[in-house]
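Every chain is numbered from 1, with letters handed out A, B, ... down the list of sequences.
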Protein chains: 2
Amino acid sequence: MLLRHPHNTEDCRAVSEILQRVGDKWTVLVVGKLGGGAMRFNELRAAVGGISQKMLTTTLRGLERDGFVTRKVFPTIPPRVDYELTELGHELLVPVGALGAWARKNTERVKAAREKFDSEHG
Amino acid sequence: MLLRHPHNTEDCRAVSEILQRVGDKWTVLVVGKLGGGAMRFNELRAAVGGISQKMLTTTLRGLERDGFVTRKVFPTIPPRVDYELTELGHELLVPVGALGAWARKNTERVKAAREKFDSEHG
DNA sequence: CGGCATCCAGGTGGATACTG
DNA sequence: CAGTATCCACCTGGATGCCG
């Protein structure tokens, strides 16, 4: 038998947890932007676009806590804070990027399925 | 080469959308269980565990709408409804499984990072 | 500049009751 | 058995104001 995708409960829970972790509104957008190199707080905010100050702070704190980004404070006036992906953060981008590639490749199929479903169900 | 991952805004949005789509509380659990083959409603509910009737219905409807599962009704008494992954659903499981594999492989690193962060930040 | 504190609207999901 | 309908607690995230 081929090595199939895992479908026992524990593995599914692990998958579910990581997906919920990175599946919030901003996390992958922020991580994606940081994939290009270190950025300052407001620089990152402008690059992501549409994110509130509160949510960028919250998102970055969570990523820092989990070891995906580092936070470097320069005690200057005005203050400067740099955020950068860790090695772990870069590694996370690999499977996330794979999922993204799948998504881009199959948007049309999903869109077609939705239109079919919606037309059939009033 | 630093540009291993896509980090332009459009790609990140696509990734973000699919992650939010499958990043809800139950979707991957349900899809994961269905990866083993077709299942009836209550059978699936017992297999997933802890999911309410309402949420299983909602989750399955969403998956059906997007073309990830099929719903087959047998007009018997009592009624019987089978749910099964489509080809698209099976394909989705590949990148999702990859992310899950990454998650299982790195839980310890994340856990260690969290403990370090929490001990340093009161 | 890069935060934190507060308030609040909307969405998510659980509990319960009812139905063909 | 496999739903639908309703109510409600909680959480996410946006807006605003203040601060070192």
Side-chain angles (χ1 to χ4, degrees), chain A residues 12-13 16-31 33-34 38-66 69-84 117 120-122, chain B residues 12-13 16-34 38-66 69-84 117-118 120-122:
Chain A
C12 289
R13 299 253 180 234
S16 183
E17 273 173 40
I18 182 70
L19 282 171
Q20 288 184 68
R21 170 65 188 84
V22 299
D24 67 359
K25 194 167 182 182
W26 300 109
T27 292
V28 292
L29 268 356
V30 170
V31 173
K33 288 301 172 188
L34 286 177
M39 294 178 85
R40 297 182 61 171
F41 186 87
N42 279 333
E43 182 187 7
L44 189 51
R45 191 180 173 189
V48 171
I51 188 171
S52 67
Q53 206 168 28
K54 174 190 167 184
M55 286 316 299
L56 182 53
T57 301
T58 304
T59 302
L60 286 169
R61 283 291 179 282
L63 289 170
E64 189 194 357
R65 188 172 105 98
D66 287 356
V69 308
T70 55
R71 179 173 184 267
K72 223 181 309 183
V73 182
F74 300 87
T76 55
I77 295 182
R80 172 198 176 113
V81 183
D82 278 12
Y83 291 93
E84 188 170 16
F117 184 92
E120 287 170 0
H121 297 72
Chain B
C12 287
R13 300 253 180 234
S16 184
E17 272 173 41
I18 181 70
L19 282 171
Q20 287 183 69
R21 170 66 188 84
V22 299
D24 67 359
K25 193 166 182 182
W26 299 109
T27 292
V28 292
L29 268 356
V30 170
V31 173
K33 288 299 171 189
L34 286 176
M39 294 178 87
R40 297 181 61 173
F41 186 87
N42 277 334
E43 183 188 5
L44 189 51
R45 190 180 173 190
V48 171
I51 188 171
S52 67
Q53 205 169 29
K54 174 189 166 185
M55 285 316 298
L56 182 54
T57 300
T58 303
T59 302
L60 285 168
R61 282 290 178 283
L63 289 170
E64 189 194 357
R65 188 171 105 98
D66 286 356
V69 308
T70 55
R71 179 174 184 267
K72 224 180 308 183
V73 181
F74 300 88
T76 57
I77 295 180
R80 171 198 176 113
V81 183
D82 279 10
Y83 291 93
E84 189 171 13
F117 184 92
D118 291 345
E120 287 170 0
H121 296 73

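The distance from atom CD1 of B/Ile77 to atom C1' of D/dG3 is 15 Å, rounded to the nearest whole Å. Rounded to whole angstrom, the span from the NZ atom of B/Lys25 across to the P atom of C/dT12 amounts to 14 Å. The distance from atom CZ of A/Arg45 to atom C1' of D/dA15 is 11 Å, rounded to the nearest whole Å. As a whole-Å value, the separation of B/Asp82 CG from D/dA2 P is 8 Å. Remark: P of C/dG13 and CD of B/Gln20 are 12 Å apart, rounded to the nearest angstrom. Spacing between atom CD of A/Glu64 and atom C1' of C/dG2 amounts to 14 Å, rounded to whole angstrom units. When rounded to the nearest whole Å, the span between NE2 of B/His121 and C1' of C/dG3 equals 13 Å. Protein atom CD of B/Glu43 is 9 Å distant from nucleotide atom P of D/dA2, rounded to whole Å.
When distances run from any side-chain atom of B/Lys54 to the nucleotides D/dC1, C/dA15, D/dG3, the shortest one goes to C/dA15. In this structure, the nucleotide among C/dC1, D/dA2, C/dC4 sitting nearest to the side chain of B/Pro79 is D/dA2. Minimum atom distance to the side chain of B/Trp26 is reached by C/dG14, of the listed C/dG14, C/dA17, D/dG14. Side-chain proximity of B/Asp24 to the nucleotides D/dG14, C/dG2, C/dG13 is greatest for C/dG13. Proximity note for B/Met55 (side chain, C-beta onward) versus C/dC4, C/dC1, C/dG14: the nearest is C/dG14.
Side-chain atoms of B/Glu64 never come within 3.5 Å of backbone atoms of B/Arg61 as a donor-acceptor pair (strictly under, hydrogens ignored). B/Asp24 places a side-chain N or O within donor-acceptor distance of the main-chain N or O of B/Thr27, the cut-off being under 3.5 Å.
Backbone-only contact: A/Arg61 has heavy atoms under 4.0 Å from sugar-phosphate atoms and none from a base. Using a 4.0 Å heavy-atom criterion, one finds that B/Phe74 contacts no nucleic acid atom at all. Within 4.0 Å (heavy atoms only), B/Arg71 reaches sugar-phosphate atoms of the nucleic acid but no base atom.
A donor and an acceptor atom, one from each side chain of B/Gln53 and B/Thr57, are nowhere located under 3.5 Å apart.
Here the shortest heavy-atom pairing between A/Arg45 and A/Ser52 reads NH2-CA, 3.8 Å. For the residue pair B/Leu44 and B/Met39, the shortest heavy atom distance occurs at CD1-SD, 3.7 Å.
Using a 4.0 Å cut-off, no side-chain N or O of B/Arg40 falls inside it from OP1 or OP2 of D/dC1. For C/dG3, one of the phosphate oxygens OP1 or OP2 lies less than 4.0 angstrom from a side-chain nitrogen or oxygen of A/Tyr83. Note on A/Arg80: every side-chain N or O is 4.0 Å or more away from OP1 and OP2 of C/dG2.
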